[in-house]
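First comes the structure, then the notes that go with it.
Residue numbering restarts at 1 for every chain, and letters A, B, ... go by the order of the sequence lines. Every heavy atom of this structure was used, including side-chain atoms; hydrogens, water molecules and symmetry mates were not.
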Amino acid sequence: MNLWTRAAFMLIRLHPPAWRQRYADEVRTLVDADASRPGLAADLALSALSEWSRAGGASLLAFGRTLGLAVARLTVASILSWMVVAAGLQWLEPPPWPVDAAFRVVLAGPMAQAALAALAVSSFEWTRRRPVLARLAVVAAFVWLFVRFSSPAGVLVGAAGGWVFALVILSGIRGDERREAPGKVFHPLSAWMATTSVFVLVSVILEVVGLWTRGHATYPLIRHSIEPIASLSPFFAPGIAVFGGACVLLASGVASVLSWSAIVRARPLLGWLATFAVCWAPSLPGRMPAGMIAMAVLSWLFASSRFDRTWRCGEPPGGVTAQSPAQRHRSAAGRALARFRHFELVSALAAVTIAAGVSYIVLLAFLHITGVNPGDARRNPMLIAQWALAPALLTVFAAVLFASSRIPRSLGPRVPFQQVTP
Amino acid sequence: VTKKQSDTLNDLGRFSEPALFVMISLAEGPKHGYAMTQDIEQMTGQRPGPGTLYGAISRLESRKWIEPLPSDDRRRPYRLTGVGQKVLRARLDALRAVTKVAQARLAAG
C-alpha cells in the first residue's frame, strides 16, 4: 500500500459518518482497484469537504426550520391565548390610556372581537381544515397585540411590525403544510430553545413596551395582585415576588412545553388549554431563572416521558402513515388514552386536589403574615386564580410528566411500555 | 418530467456533469461503481475519481433517480429508476436542442 492509497483511506474516514456508513466500503473497493495517484487523494479530499458542507448545511437548515416552526407555533398559540385573558382584563379595569383610547375602541376593539371569534374556530380547525381562517386569526392577533401595546405615535409602526412578523410566521406555517415526514420529528432541545426564546422574547417585548409607554409593569394582573401586598409589607415583598414568579413561571413553562407538544402533534384542544396558562405568567423579579430551570427540567422530563414517544408513534422515521388528519388525531388520542394507566390518572387528580388546597392555604397564610385582609383578596378572583391555580397546574403537569417518565420505572417493577404500531 | 425536475440536475453544482454521466452509464443496465468508472472513462476519455463518482451517486440516490440493488458483495450495483429515466431523457433532449442550435450557428459562420 503506497502513500497515496493510505492517504485515500484516511480521507475516506474524514467523510461524514452517514456517508461513510453508506458508501465507504464501495469507495474503498474502488480505491483498491484504482491505480493510486495524487489526483485520487485530492478528489477524495474535495469530496469530504463537499459532503461535510452538504451534511452541515442540511442539519443547520433542518434545525433552523424546526426551531422556527416551533417558535412560530408557540408564539402564535401563546399570544392568542394571552389575548383571551387580556381582553377579560380590559373589562375589569378602565382604559388606562385616554390619549389612544379612540384607537383602541375603533381599531383594536372590533379587531380583538374578530380575532377572538376566529380563535374559537381556529382552535379546533387550526391550519389543517380552515387554513385561511386560522391565518386571519393569527394576523389579527398580531396586529391587535402591537396596537394594544403601542403609544399613539407608534401605532402605525407597531402595526406594520406586527404584519411583518405575522407574515413571517404565516410563511412558516405554509412551509409546514408542505413539509414531509422527516421534519415532523422535533427534538426536545429544539422545544426547550423554542419555549425559552419565545418566552423571553414575548416577556421582553411586553415589558419594554409597557415600561416605555406607561412607566410601570405591563400586566395589569401584577398591579392588582402583587403590588398591594408588597406595599403593605416591604419585608416580604421580595419573597412574595420570587415565590409567585416561580410558581406562575413554572406553570407557564410546563404549559409552554405541553403546548408545544400538543400543537406540534395536532392536539389543538390540549394545546389551547395549556397555552391558556401561559397568560398567567406576570413579570416578576426572579421569574427568569425559575422559568429557565423549570423549562429545562420539564423538557428533560418530557423527553423521557411516554407522551413524547406516544406522539411520535403516528409519525415513524420512515414517513407519515397514510391517514387523514382527523383519523390521525383520533388514533393518537386513542393511543394516548390507552397508555394513560389508572394509576397515573388517579395520581394526577389527587395531585390537583391536594395542590389546589395547599396553594390556597399557602396563599391565605401569606396574606395573614403580610397583613392583607383576606376578604379584599377574595374580591379579586384573578388573584385567587393566579395564586391557587398556577401551583396546581404546575403540580398536575409535573406529576403527569413524572409518572410517565423513566424515573418511576427505574425505581421499581412496572408494566413495561409497549409501543403500539399505528 | 417537469421543468423543475430537469433543472434540478443542473442544481447539483460541480456534480451535475458526473451525475449525467452516471445516469447515461446506468441507462445501459445496472452497474456497480467500478464498472461505472470504466464505462465513463470509455465514454468521455476521463476517469472520474471515487469521491466525485460517489458524490454524484449519493445525490442521485437521494433524489431517487437511481437506486441500489441488493448485493452480498462490497460492490453494490445501482440502476436507473423510472423517474431517473425521465429526467435523463429530458436532459438529453435539452442538450440535443442546444447542440442543434450550436451546430447550425457554426455551419452558418
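- Heavy atoms closer than 4.5 Å to chain A are found in both the backbone and the side chain of B:Ile57.
- Every residue was checked against the side chain to side chain contact (heavy atoms under 4.5 Å, CB included) condition with B:Ala94, not counting sequence neighbours, and none meets it.
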Across chain A and chain B, what donor-acceptor pairs are shorter than 3.5 angstrom?
{"from": "A:Arg22", "atom 1": "NE", "to": "B:Glu61", "atom 2": "OE2", "distance (Å)": "3.4"}
{"from": "A:Arg22", "atom 1": "NH2", "to": "B:Glu61", "atom 2": "OE1", "distance (Å)": "3.0"}
{"from": "A:Arg22", "atom 1": "NH2", "to": "B:Glu61", "atom 2": "OE2", "distance (Å)": "2.6"}
{"from": "A:Tyr23", "atom 1": "OH", "to": "B:Glu61", "atom 2": "OE1", "distance (Å)": "2.4"}
{"from": "A:Glu26", "atom 1": "OE1", "to": "B:Tyr54", "atom 2": "OH", "distance (Å)": "3.1"}
{"from": "A:Glu26", "atom 1": "OE1", "to": "B:Tyr78", "atom 2": "OH", "distance (Å)": "3.0"}
{"from": "A:Glu26", "atom 1": "OE2", "to": "B:Arg76", "atom 2": "NE", "distance (Å)": "3.2"}
{"from": "A:Glu26", "atom 1": "OE2", "to": "B:Tyr78", "atom 2": "OH", "distance (Å)": "3.0"}
{"from": "A:Asp34", "atom 1": "OD1", "to": "B:Arg47", "atom 2": "NE", "distance (Å)": "3.1"}
{"from": "A:Asp34", "atom 1": "OD2", "to": "B:Arg47", "atom 2": "NE", "distance (Å)": "3.4"}
{"from": "A:Asp43", "atom 1": "OD1", "to": "B:Thr52", "atom 2": "N", "distance (Å)": "3.4"}
{"from": "A:Asp43", "atom 1": "OD1", "to": "B:Thr52", "atom 2": "OG1", "distance (Å)": "2.2"}
{"from": "A:Asp43", "atom 1": "OD2", "to": "B:Gly51", "atom 2": "N", "distance (Å)": "2.6"}
{"from": "A:Asp43", "atom 1": "OD2", "to": "B:Thr52", "atom 2": "N", "distance (Å)": "3.0"}
{"from": "A:Ser50", "atom 1": "OG", "to": "B:Arg59", "atom 2": "NH2", "distance (Å)": "3.0"}
{"from": "A:Glu51", "atom 1": "OE2", "to": "B:Arg59", "atom 2": "NH1", "distance (Å)": "2.9"}
{"from": "A:Arg54", "atom 1": "NH1", "to": "B:Ser58", "atom 2": "OG", "distance (Å)": "3.0"}
{"from": "A:Arg54", "atom 1": "NH2", "to": "B:Ser62", "atom 2": "OG", "distance (Å)": "3.4"}

